[in-house]
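Model, not experiment: these values are computed from the prediction. As the structure lists them, so they are numbered: ligands from 1, and atoms in each ligand from 1.
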Amino acid sequence: MIKGFIFDLDGVITDTAELHFLAWKALADEMGWNFDREVNEKLRGVSRLDSIGIIMDHNAVNLPEKEVVELATKKNEIYVASLNQITPEDYLPGARELLTHLRQEGFKVALGSASKNSTKVLAQLDATKYFDVIGDGNSVSKSKPAPDIFLFGAEKLELKPEECVVYEDAESGVDAAKAGGFHAVGIGPKERVGHADVRFDDMKQATLFEVKSHFKDLF
Ligand code: G6P
Ligand code: MG
């Protein structure tokens with residue numbers, strides 16, 4: 001039986017991809033690196049250090065690890081400053097309604113995000129109250145597609161993976177959910193999350209009603 005829900009943050013609860021893009025773009029411009037929205041799309045769900053690795057590969061750049069960490073920190077400072085502009089108006093359509101609904105129905109809810117800035121983002125949205133457990137980039141060392149972040153959330157919720165539904169918008173996030181034995185809801189196009197157990201174009205469509213109808217025997 002399904003007793004809990006675990007949510008990715010960026011691209012599921014709110015869309016921080018644009019702010020990540022602008023921060024990486026500022027760094028790339030400063031470094032004289034090529035970086036566009038197409039490359040940015042590859043960073044969805046990917047950790048900060050893996051992200052800079054992808055951008056450097058795209059530019060055939062190689063730097064000592066210490067310098068790479070410093071540059072990633074610089075990008076993060078730009079990104080964190082930009083988070084101040086997020087308000088409770090910035091939920092993706094349907095996300096707040098779903099979180100409210102889950103609270104009303106008594107489901108356990110966890111966050112399972114790769115971001116080390118998730119508590120700041122949740123606070124800006126005034127969304128902290130919807131979560132029993134916060135699992136983020138600070139909670140585990142192995143990032144998605146490893147299932148660790150979702151296993152962390154399930155364990156803290158005192159649930160088994162098969163008792164939880166995971167919402168994800170990233171290919172690597174759906175991989176992580178499946179690797180951990182969770183039921184996966186994919187948010188986005190077929191090419192990205194078509195391997196989830198059920199897929200919706202956006203959060204507005206991914207209501208509790210729809211998810212319950214899909215996993216009929218599990219509720
Ligand atoms: C999320 C985003 C990624 C981002 C990662 C790390 O998964 O989708 O684009 O790189 O979090 O975020 P952070 O805030 O720790 O740099
Ligand atoms: Mg995401």
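- The minimum distance between the Mg ion (ligand 2) and any N, O or S atom of D10 involves atom O.
- Note on ring orientation: taking the six-membered ring where Trp is involved, the planes of Y130 and Y91 are perpendicular (angle over 60°, cut-offs 30° and 60°).
- The side chain of S51, and not its backbone, has at least one atom closer than 4.0 Å to an atom of ligand 1 (non-hydrogen atoms only; side chain from C-beta on).
- Of the protein's heavy atoms, V46 O, 3.2 Å lies nearest to atom 4 (C) of ligand 1.
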**OP:** May I have the step-by-step check of salt bridge (charged side-chain N to carboxylate O under 4.0 Å, His left out) for R199 and E168, ending in yes or no?
**Re:** CA-CA 10 Å; R199 185 198 68 82; E168 256 296 345; over 6 Å; no
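- Counting the atoms of ligand 1 from 1 in the order shown, those under 4.0 Å from a heavy atom of Y79 are 14 (O).
- Side chain to side chain, D8 and S113 fail the donor-acceptor criterion of an N or O pair below 3.5 Å.
- Taking 2.8 Å as the threshold, D169 counts as a candidate ligand of the Mg ion (ligand 2), since one of its N, O or S atoms lies below it.
- Closest heavy-atom approach to atom 1 (C) of ligand 1 among the candidates N117, D10, D50: D10.
- Annotation: side chain of I149 is in contact with side chain of S139 (closest heavy-atom distance under 4.5 Å).
- Between E163 and K108 no salt bridge is recorded (no basic side-chain N to carboxylate O distance below 4.0 Å).
- Inter-residue side-chain proximity for F7 and L98 is flagged as met; some heavy-atom pair is nearer than 4.5 Å.
- Neither side chain, D136 nor N117, offers a donor N or O lying under 3.5 Å from an acceptor on the other.
- The nearest protein atom to atom 15 (O) of ligand 1, hydrogens excluded, is given as K116 N, 2.6 Å; this is a heavy-atom distance.
- Looking only at atom types and distance, the side chain of H20 has a donor-acceptor partner in the side chain of K75 under 3.5 Å away.
- Minimum-distance N/O/S atom of D8 relative to the Mg ion (ligand 2): OD2.
- The protein heavy atom nearest to atom 9 (O) of ligand 1 is L43 O, 3.0 Å.
- When only non-hydrogen protein atoms are considered, atom 16 (O) of ligand 1 lies nearest to R48 NE, 2.8 Å.
- Contact between G45 and ligand 1 is present, with at least one heavy atom of the residue lying under 4.0 Å from the ligand.
- Between S115 and ligand 1, at least one pair of N/O atoms sits closer than 3.5 Å.
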